[in-house]
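Residue numbering restarts at 1 for every chain, and letters A, B, ... go by the order of the sequence lines.
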Amino acid sequence: MDLNDTPEQAAFRTNVRSWLEDNKADAPAASGDSGDTAWIDSRRAWQDKLAEAGLAGLTWPKEFGGQGLGPIEQVIVNQEIASAHVPGILDVIGIGMLGPCIIAHGTDEQKSRYLGPMLHGDEVWCQLFSEPAAGSDLAAVQTRAIENEDGSYAITGQKVWTTNAQFSSYGLILARTSPDKHKHKGLTMFIVPMEGEGITIRGLRQISGEAEFNEVFFDDFVVPAENVVGGVDNGWGTALTVLMYERLTIGLGSEGFGYRSDRFAEAVGQDEAAKSDPEVRQRLGDLAAELLAVRFTSYRTLTALSKGQIPGPESGLAKVTTVNAAIAAGELIADVVGPEALDEDSEWAYMISFLPGLKSAGGTEAILRNTIGERVLGLPPEPRLDKGIPFSELRAKEKEAVSA
Amino acid sequence: MDLNDTPEQAAFRTNVRSWLEDNKADAPAASGDSGDTAWIDSRRAWQDKLAEAGLAGLTWPKEFGGQGLGPIEQVIVNQEIASAHVPGILDVIGIGMLGPCIIAHGTDEQKSRYLGPMLHGDEVWCQLFSEPAAGSDLAAVQTRAIENEDGSYAITGQKVWTTNAQFSSYGLILARTSPDKHKHKGLTMFIVPMEGEGITIRGLRQISGEAEFNEVFFDDFVVPAENVVGGVDNGWGTALTVLMYERLTIGLGSEGFGYRSDRFAEAVGQDEAAKSDPEVRQRLGDLAAELLAVRFTSYRTLTALSKGQIPGPESGLAKVTTVNAAIAAGELIADVVGPEALDEDSEWAYMISFLPGLKSAGGTEAILRNTIGERVLGLPPEPRLDKGIPFSELRAKEKEAVSA
Amino acid sequence: MNLALSDEQEFLRDAAKGALARFKTVEAAREALEDPSRLPDLWSTVVEAGWTGLLISEERGGAGLEAFDAMLVLEECGKVLAPTPLLGLLPASYLLDRGGDEACRAVADGEARPTLVAARPPGDLEGGWTVEAASGLARAEAPRIAADGSVTGSAAWVLDAPQATHFVVVGTDQAGNGAASVVEASAATVQDATRYDATRALGHVSFDGAPGRRLDVDDGQLAAAWYLGQALLGAESLGTVQTCLTMSVQYAKERFTFGRAIGSYQSIKHEITEVLRKQENARSLAFYAGWAGQDKPEEFGLAASAFRSSAGHALDFASRSNINVHGGIGATWEHDAPLFFRRAQLNRRLLGGAHDATDRIAGELFAAQAAAAA
Amino acid sequence: MNLALSDEQEFLRDAAKGALARFKTVEAAREALEDPSRLPDLWSTVVEAGWTGLLISEERGGAGLEAFDAMLVLEECGKVLAPTPLLGLLPASYLLDRGGDEACRAVADGEARPTLVAARPPGDLEGGWTVEAASGLARAEAPRIAADGSVTGSAAWVLDAPQATHFVVVGTDQAGNGAASVVEASAATVQDATRYDATRALGHVSFDGAPGRRLDVDDGQLAAAWYLGQALLGAESLGTVQTCLTMSVQYAKERFTFGRAIGSYQSIKHEITEVLRKQENARSLAFYAGWAGQDKPEEFGLAASAFRSSAGHALDFASRSNINVHGGIGATWEHDAPLFFRRAQLNRRLLGGAHDATDRIAGELFAAQAAAAA
């Protein structure tokens with residue numbers, strides 16, 4: 001049992017640290033408004049600089065501009081970037097999830113066209129999977145892609161919860177090509193440019209009032225056949241690759257939201273009365289234990305990754321723990337501080353407003369617990385009423401049931 | 001809004017109180033060991049005395065020896081008996097649930113033969129419904145009743161969770177007469193004597209070590225056709241009547257277990273350090289509010305009953321609240337007192353041991369929440385895999401699934 | 001034994017529902033987050049409905065009703081997030097009436113709009129009267145009220161302070177006993193402190209020898225005013241819970257996932273049933289508080305604290321659960337669910353906070369036990 | 001970065017599992033509730049396996065292993081409710097070794113069976129060393145240890161007290177600093193205090209100027225002995241959680257209701273998944289405690305407290321959930337589930353109680369923050 005670097009890792013860390021030391025004067029502010037074009041541009045430039053220094057796409061193969069390194073090195077870079085108080089790469093979604101998917105399923109042309117600009121921040125990417133009626137049940141996407149006579153596709157539908165859409169150049173979209181097949185069997189993945197006729201991007205405001213996500217509307221938006229990734233009607237398999245990398249990215253950056261026990265203890269500890277109140281201490285102790293556990297869970301995940309194991313669905317439990325512990329922390333801090341903690345300018349008001357949305361982001365807790373209960377513990381599945389039914393029929397049935 | 005008696009109720013209460021004052025010297029101890037025959041006999045004699053004075057079977061029609069009164073009068077009697085610190089009737093199950101069922105569904109012969117001795121405690125009754133594989137899913141009983149050539153029935157099977165079986169004269173048993181029908185359609189209710197060839201009663205010990213319940217085994221136990229209650233293959237409907245009266249009985253006696261906020265506060269308050277500990281106070285305050293709520297819920301139920309309304313499944317929520325608040329109280333008191341609260345002679349150790357069994361008694365919380373969600377809130381039902389399938393096939397399927 | 005509403009009470013409740021239905025209060029609650037001027041002015045409605053005089057005796061121009069009746073009105077306000085001043089006004093009117101104050105008739109007529117500067121009565125552990133502090137867990141000393149009625153001191157998070165015409169200040173006299181004084185708003189310094197829920201006007205109030213009129217009320221009445229505030233806040237929360245429950249049930253029937261309505265899944269069904277359980281427990285305690293307020297004053301502190309605590313837990317749970325049931329869309333600005341969540345967040349920390357109410361349940365139980373032993 | 005077990009650790013764990021499998025410990029746990037003589041005597045097994053010397057340095061006859069290794073053994077004990085004295089013995093052996101005491105070799109060889117009379121080190125709020133009181137929330141002053149090593153005072157709920165040959169008493173010297181002394185059991189008064197879980201021998205111990213041998217250990221080592229006890233109790237609880245989870249999963253697959261295996265219902269599935277979540281969080285904190293014990297002593301107090309607290313919550317939840325999943329039958333005497341429930345009930349209240357461990361997490365975080373600010 002060892003949390004220390006091997007000599008090779010220590011040497012790598014030293015290099016990263018000294019590069020950051022030498023270059024951090026060029027880094028933009030670590031946080032900013034995603035609507036601020038100047039800040040976003042400075043983040044792009046910084047990503048380019050990181051990529052040039054070999055500090056972006058660490059786990060990508062060398063032939064695509066990556067470093068061919070392992071998850072431990074990725075974590076070392078993450079840790080050093082955090083210690084240096086500089087931002088990391090802008091396009092976490094592209095480099096962490098979508099790039100690897102293109103590497104796995106894309107054509108040679110796609111790889112050579114898209115991966116380089118993605119890595120350097122010249123073209124930011126977004127993920128166009130979720131829809132208003134396809135959240136936890138992602139395979140229920142209704143966005144249609146209809147083949148034109150010239151072989152191109154016309155895409156029509158609505159995507160939602162799209163991070164970074166407002167400044168992305170490209171997106172990876174999951175759309176239905178064959179509605180008469182079973183819902184998993186009629187989907188196709190496409191690369192779509194994020195501008196042109198037939199695409200509308202609209203910010204989606206959260207409880208806090210900030211637009212953390214976007215809605216993206218497609219109306220007969222035409223993409224050429226060469227933009228298909230992973231084969232027509234094979235989109236579900238392609239999407240699973242993205243989801244696997246999403247799990248991996250989350251597994252490597254668990255404390256990314258800043259939900260740390262020491263930070264919450266500091267907030268509570270600023271009130272002398274709270275510091276010696278047994279009830280406050282009990283609540284703080286409980287949530288701190290949860291967050292400390294998540295930190296060591298991420299080290300366990302990393303150990304497994306470094307032995308070549310892929311994290312299973314149980315890694316999603318860390319997200320459940322984090323969100324619920326942070327909710328408990330928000331309640332506690334606001335109980336201690338009082339209504340003043342709910343001032344719109346307070347970091348705690350922001351956190352309290354942000355967390356309810358985070359709770360169902362990436363799939364509800366209920367779906368996650370189903371998956372873990374069945375795949376990890378081997379518990380029997382729930383009856384599935386949508387099994388083997390063509391998607392179009394399924395939709396008709398739902399409409400009928402609601403109107404009944 | 002009024003918690004006071006009407007003048008008529010007040011007069012009734014005065015009569016009950018003065019009778020109890022005059023007679024309480026004859027009452028046995030309020031608590032004792034259900035295995036102590038002398039104490040049980042004294043409880044029978046006391047029930048007889050109560051019945052003679054018109055204080056048992058208050059809501060039974062007068063023609064069967066009851067008083068033809070309403071639920072409010074029943075509650076007044078319950079309250080006065082509790083205030084006098086004397087025990088109530090011994091056969092709560094018979095008089096509260098089984099007698100009313102016989103009144104509703106029994107033959108004239110059954111009514112004239114059984115109701116009198118039941119009311120006076122000469123013959124105590126027990127309810128033989130639950131089985132090892134038929135708890136929440138009560139209609140899944142496997143106990144068979146096979147018709148003999150002479151029209152009598154031979155009963156074979158195992159019943160469980162049978163209160164009072166060890167000193168009961170009769171039981172009402174739910175048994176399967178037609179296994180090839182759907183599970184709700186092939187059941188019949190019988191009156192069975194609790195002794196004779198082919199019946200074995202065995203105490204079932206709980207966590208505390210006490211035998212709160214019994215298992216009852218039947219092996220070709222013969223009962224005549226005249227013992228059928230409510231018609232052959234009509235047992236499910238008959239059972240539902242018993243369950244409705246069970247809900248009603250529980251609704252009228254919510255504080256019967258002694259799980260009261262003042263009692264728990266007194267236990268906690270004996271420790272000076274605990275009295276001023278904010279965390280202890282918070283936990284006590286929360287569970288006390290729950291128990292106070294249950295008290296006023298029972299007044300609401302009573303208000304509804306006195307207007308002729310029958311309590312719906314939501315009345316089961318009071319049991320959920322009570323059990324969980326009492327569990328919280330046990331945890332709190334033992335946290336305050338320390339391991340000494342777990343001494344086998346402590347009332348708290350007994351309560352802590354008793355509650356886990358009470359939690360699933362009368363159906364699990366999950367089933368109750370399903371029922372309330374569907375019947376009270378109108379939420380859509382879960383898919384039912386046993387719908388319309390003959391009981392015998394259903395069993396075969398289960399066996400197959402487990403061995404797979 | 002009768003815990004049902006009287007015909008008059010049902011009429012009062014239905015009239016409140018009808019009067020409030022004329023405004024789009026929930027929509028306004030969202031718009032007012034960015035532009036407070038979008039809030040409808042309900043004052044004339046409140047006056048016309050006779051709510052300002054609800055707790056004022058008939059001989060002083062009011063309706064002479066009980067706490068429970070006022071709770072029914074607040075419940076309707078809570079259902080639609082109506083921005084009324086009743087939570088501060090009604091306890092103030094109660095003290096004015098008990099003190100036989102000259103302002104009663106003006107309050108009943110809607111010419112004066114008083115609010116209570118509430119102070120928490122002494123408990124089993126602390127001997128003094130305390131008020132809300134602007135920040136932090138420790139509570140502040142209640143204002144000092146001189147023999148001539150003048151007031152010195154301050155209190156934070158006072159309901160309706162920005163718009164009130166008078167403050168009924170609860171504090172302590174020179175001997176440290178409870179006292180109350182009526183101060184004109186112009187004699188106080190008021191700092192707007194509205195937070196997070198735009199429908200709830202709040203202010204920090206301070207008095208520097210502000211002239212006032214002493215009220216002839218005793219400690220029991222002062223304590224009752226505090227507990228009345230708890231009961232009214234509980235009732236308002238209970239109303240909000242009901243709206244959350246209705247929204248959740250509706251959506252759970254309509255929304256499908258994996259080929260089934262989401263309400264058919266136990267995780268959703270049981271969570272919603274838990275909202276119902278908490279709602280019904282709170283409702284039972286509303287009856288307890290109403291009954292004690294009327295017939296059992298020595299238990300009003302326990303009953304009102306238990307009700308406020310229980311209704312607060314119910315609202316915390318229901319407002320979060322409502323968002324969960326709705327999934328991501330329930331956490332967006334355009335959805336109504338966050339407005340009920342905002343209300344829950346603020347309610348939890350007003351008037352001593354729900355935690356303080358829970359603590360007081362224990363305190364009242366211990367005190368009753370000590371009294372029984374003495 | 002490597003949190004996997006070494007080959008040696010896996011061997012140690014598997015050997016423990018194998019050694020304990022030779023006894024029907026769970027069955028004995030039930031029988032011993034009525035007849036304590038039915039408990040198997042595991043002492044010779046404990047000695048032969050080398051567990052008594054686990055934490056004693058090699059030069060003093062032990063294996064010189066770390067807290068984490070001892071935790072692996074306790075986890076196996078917890079899985080089968082094995083009645084070993086390790087929870088008291090191992091922290092005692094740790095102090096004997098750090099003090100270079102002459103008894104170390106006898107302990108490693110199984111000739112002496114010491115146990116720790118544990119004292120809780122000063123925290124951020126209280127300055128003194130305290131021990132368990134026989135009853136009530138307040139803690140008792142730790143025994144006084146004179147310069148000649150003699151001990152006066154008492155402590156309740158001492159693990160393995162009825163069978164120990166020596167007590168390693170943690171208390172305070174005349175200056176109020178931490179101190180420790182080795183006292184022969186015959187010089188102490190021991191009252192059997194076994195409660196609720198027959199596999200856990202407990203005693204109230206008192207000393208009236210009992211002669212003892214001072215140990216040359218510092219406050220940091222004395223505190224480490226307390227936290228070692230927390231970590232070992234956490235590990236033992238974690239083992240018990242695993243058995244509960246296994247039982248629940250198995251039954252949920254086999255038991256049918258309404259035509260479906262009960263594990264296919266979300267209420268059951270999600271409750272069992274919650275056991276898994278709590279178990280895995282506790283396991284992560286086991287790694288934290290093990291790592292801190294070895295490489296980060298300044299965080300051992302935080303890590304061990306967090307682990308004990310988390311494992312305690314996991315066990316509370318898992319042992320009740322296991323009964324719930326089994327329905328009525330899970331609450332009967334002949335079933336195994338209640339034995340794990342009994343263990344949970346007692347564990348929660350030993351060695352300061354789980355609440356105290358949770359409180360200490362907060363205390364350690366506040367102390368770290370104060371230290372960083374200084």
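The most heavy-atom pairs under 4.5 Å with chain D, out of A:A265, A:P278, A:S306, A:S276, come from A:A265. For the set A:S261, A:A304, A:P383, the count of heavy-atom pairs under 4.5 angstrom toward chain D peaks at A:P383. The candidate from A:L379, A:T297, A:L3 with the greatest count of non-hydrogen atom pairs under 4.5 Å with chain D is A:L3. Each of A:Q282, A:E382, A:Q9 has some count of heavy-atom pairs under 4.5 Å with chain D, and the biggest count is that of A:Q282. The residue among D:E274, D:Q9, D:K278, D:R360 with the most heavy atom pairs within less than 4.5 Å of chain A is D:E274. Note on A:V320, A:D5, A:L377, A:I372: by heavy-atom pairs under 4.5 Å with chain D, the leading option is A:L377.
Residue D:S309 touches chain A through its side chain alone, counting heavy-atom pairs closer than 4.5 Å. Proximity to chain A is absent for every atom of D:I262, based on heavy atoms less than 4.5 angstrom apart. Interface remark: A:E365 contributes no atoms to any contact with chain D (heavy atom separation under 4.5 Å). When heavy atoms are compared at a cutoff of 4.5 Å, A:V280 does not approach chain D at all. In this structure, chain A has heavy atoms under 4.5 Å from both the backbone and the side chain of D:E280. When heavy atoms are compared at a cutoff of 4.5 Å, D:I272 approaches chain A by way of both its backbone and its side chain. When heavy atoms are compared at a cutoff of 4.5 Å, D:Y265 does not approach chain A at all.
Shown are A:D271, A:L284, A:D277; of these, the side-chain contact (heavy atoms from CB on, under 4.5 Å) with A:V336 is made only by A:D271.
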Run the side-chain contact (heavy atoms from CB on, under 4.5 Å) check on D:Q369 and A:D262 step by step: do they pass? CA-CA 8 Å; D:Q369 177 189 325; A:D262 56 341; over 6 Å; no
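One N or O on the side chain of A:S136 and one on the backbone of A:T364 form a donor-acceptor pair closer than 3.5 Å. Between the side chain of A:Q67 and the main chain of A:T59, no donor-acceptor pair closer than 3.5 Å is present.
Residue-environment remark: CZ (A:R263) exceeds the threshold of 12 foreign heavy atoms within 6.0 Å.
Between D:F307 and D:F287, the ring centre distance reaches or exceeds 6.0 Å.
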